[in-house]
Amino acid sequence: MAYSGSLKRVMDGKGFGFIENSDGSGDVFVHFSQLTNGGSEDLVVGAEMTFDITEDPRSGKTKATNVTLANGGSGGGGGGDYGDYGGYGKSGGKGKGKGKRYDPYY
(Lines give C-alpha, C1' and ligand atoms only; values in the text may rest on other atoms or scores of the structure.)
Protein backbone atom coordinates (compact mmCIF):
# COMPACT_ATOMS: atom_id res chain seq x y z
CA MET A 1 0.00 0.00 0.00
CA ALA A 2 1.33 3.43 -0.91
CA TYR A 3 1.32 6.15 1.73
CA SER A 4 1.84 9.87 1.29
CA GLY A 5 3.31 12.56 3.47
CA SER A 6 5.80 15.38 3.72
CA LEU A 7 9.33 15.48 5.04
CA LYS A 8 9.14 16.76 8.60
CA ARG A 9 12.79 16.71 9.67
CA VAL A 10 16.16 16.20 7.96
CA MET A 11 19.43 15.33 9.62
CA ASP A 12 21.82 17.58 7.67
CA GLY A 13 24.76 15.76 6.15
CA LYS A 14 23.50 12.35 7.25
CA GLY A 15 21.23 11.49 4.31
CA PHE A 16 18.13 10.65 6.31
CA GLY A 17 15.08 12.22 7.86
CA PHE A 18 11.53 11.61 8.98
CA ILE A 19 8.32 11.75 6.96
CA GLU A 20 5.12 12.96 8.59
CA ASN A 21 2.57 10.43 7.37
CA SER A 22 -0.54 12.21 6.04
CA ASP A 23 -2.84 9.57 7.58
CA GLY A 24 -1.70 10.67 11.05
CA SER A 25 -0.18 7.30 11.97
CA GLY A 26 3.13 8.85 13.02
CA ASP A 27 6.51 9.69 11.57
CA VAL A 28 8.43 7.27 9.36
CA PHE A 29 12.22 7.03 9.01
CA VAL A 30 13.52 7.61 5.46
CA HIS A 31 17.04 7.18 4.04
CA PHE A 32 17.98 8.84 0.76
CA SER A 33 18.96 5.45 -0.70
CA GLN A 34 15.24 4.62 -0.84
CA LEU A 35 14.46 7.51 -3.21
CA THR A 36 13.28 6.37 -6.64
CA ASN A 37 13.91 9.85 -8.04
CA GLY A 38 16.27 12.59 -6.92
CA GLY A 39 19.04 12.29 -4.35
CA SER A 40 20.00 13.24 -0.81
CA GLU A 41 20.02 16.95 -1.74
CA ASP A 42 16.29 16.61 -2.49
CA LEU A 43 15.50 15.66 1.12
CA VAL A 44 14.27 19.10 2.19
CA VAL A 45 11.69 19.88 4.86
CA GLY A 46 8.23 20.11 3.35
CA ALA A 47 8.98 17.91 0.32
CA GLU A 48 5.87 15.91 -0.60
CA MET A 49 6.37 12.20 -1.28
CA THR A 50 4.69 8.85 -1.63
CA PHE A 51 6.20 5.72 -0.10
CA ASP A 52 5.71 2.18 1.16
CA ILE A 53 6.34 1.17 4.77
CA THR A 54 8.33 -1.94 5.65
CA GLU A 55 9.95 -3.30 8.78
CA ASP A 56 13.73 -3.21 8.98
CA PRO A 57 14.85 -6.81 9.70
CA ARG A 58 17.86 -5.65 11.74
CA SER A 59 16.20 -3.11 14.02
CA GLY A 60 12.58 -4.24 13.88
CA LYS A 61 11.53 -0.61 13.30
CA THR A 62 9.46 0.65 10.39
CA LYS A 63 11.02 2.61 7.54
CA ALA A 64 9.96 4.14 4.24
CA THR A 65 10.87 2.33 1.01
CA ASN A 66 10.16 3.03 -2.68
CA VAL A 67 10.02 6.75 -1.90
CA THR A 68 8.95 8.96 -4.81
CA LEU A 69 9.19 12.72 -4.56
CA ALA A 70 6.01 14.42 -5.77
CA ASN A 71 7.96 17.20 -7.50
CA GLY A 72 10.17 14.72 -9.38
CA GLY A 73 13.43 15.65 -7.67
CA SER A 74 15.72 18.47 -8.65
CA GLY A 75 18.28 16.34 -10.45
CA GLY A 76 21.25 17.71 -8.49
CA GLY A 77 22.71 21.08 -7.76
CA GLY A 78 25.54 23.24 -9.06
CA GLY A 79 29.23 22.81 -8.34
CA GLY A 80 29.88 25.65 -5.94
CA ASP A 81 33.14 26.92 -4.51
CA TYR A 82 35.39 24.47 -2.68
CA GLY A 83 36.90 27.24 -0.57
CA ASP A 84 39.04 25.87 2.26
CA TYR A 85 38.14 22.21 1.70
CA GLY A 86 38.91 20.94 5.18
CA GLY A 87 42.33 22.59 5.33
CA TYR A 88 44.02 20.26 2.79
CA GLY A 89 45.88 17.95 5.11
CA LYS A 90 45.28 19.72 8.40
CA SER A 91 43.66 17.58 11.04
CA GLY A 92 41.06 19.31 13.18
CA GLY A 93 39.91 16.15 14.94
CA LYS A 94 41.26 14.24 17.89
CA GLY A 95 40.87 10.78 16.43
CA LYS A 96 43.18 7.99 17.51
CA GLY A 97 42.78 5.81 14.42
CA LYS A 98 45.75 4.11 12.84
CA GLY A 99 44.33 3.89 9.32
CA LYS A 100 45.29 6.06 6.39
CA ARG A 101 43.04 8.98 5.67
CA TYR A 102 41.29 9.27 2.34
CA ASP A 103 41.25 12.67 0.65
CA PRO A 104 40.57 12.62 -3.10
CA TYR A 105 41.74 16.25 -3.40
CA TYR A 106 45.08 15.89 -1.63
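Since the model is a prediction, treat every value here as computed from it, not as a measurement.
Residue Ser6 comes nearest to Glu48 through the heavy atom pair CB-OE2, 3.4 Å, listed as atom of the first residue, atom of the second, then distance. The two residues Leu69 and Ala47 have their closest heavy-atom pair at CD2-CB, 4.4 Å. Considering every non-hydrogen atom in both Leu7 and Met49, the closest pair reads CB-CE, 4.1 Å. Minimum heavy-atom separation, Asn21 to Ser4: OD1-O, 3.2 Å. When every heavy atom of Val28 is checked against every heavy atom of Ala64, the shortest pair comes out as CG1-N, 3.4 Å. The heavy-atom pair separating Asp27 from Lys8 by the smallest distance is OD2-NZ, 3.0 Å.
Defined by atom type and a distance below 3.5 Å, a donor-acceptor pair is present between the side-chain atoms of Thr36 and Thr68.
The distance from atom CG of Leu35 to atom CG of Asn66, rounded to the nearest 0.5 Å, is 10.5 Å. The OG atom of Ser40 sits 13.5 Å away from atom NZ of Lys14, with the distance rounded to the nearest 0.5 Å. Note that the CZ atom of Arg9 and the CD1 atom of Ile19 stand 12.5 Å from one another [nearest 0.5 Å].
In the hydrophobic clustering of ILVMFWY residues, with side-chain heavy atoms under 4.5 Å counting as a link, Val45 and Phe29 come out apart.
Residues Lys63 and Ile53 have side chains not in contact (no heavy-atom distance under 4.5 Å, counting atoms from C-beta outward).
Outside the 6.0 Å centre-distance limit, the rings of Phe32 and Phe16 are not counted as a close aromatic pair.
Relative ring orientation between Tyr3 and Phe51 is described as parallel, the plane-to-plane angle staying below 30° on a 0-90° scale split at 30° and 60°.
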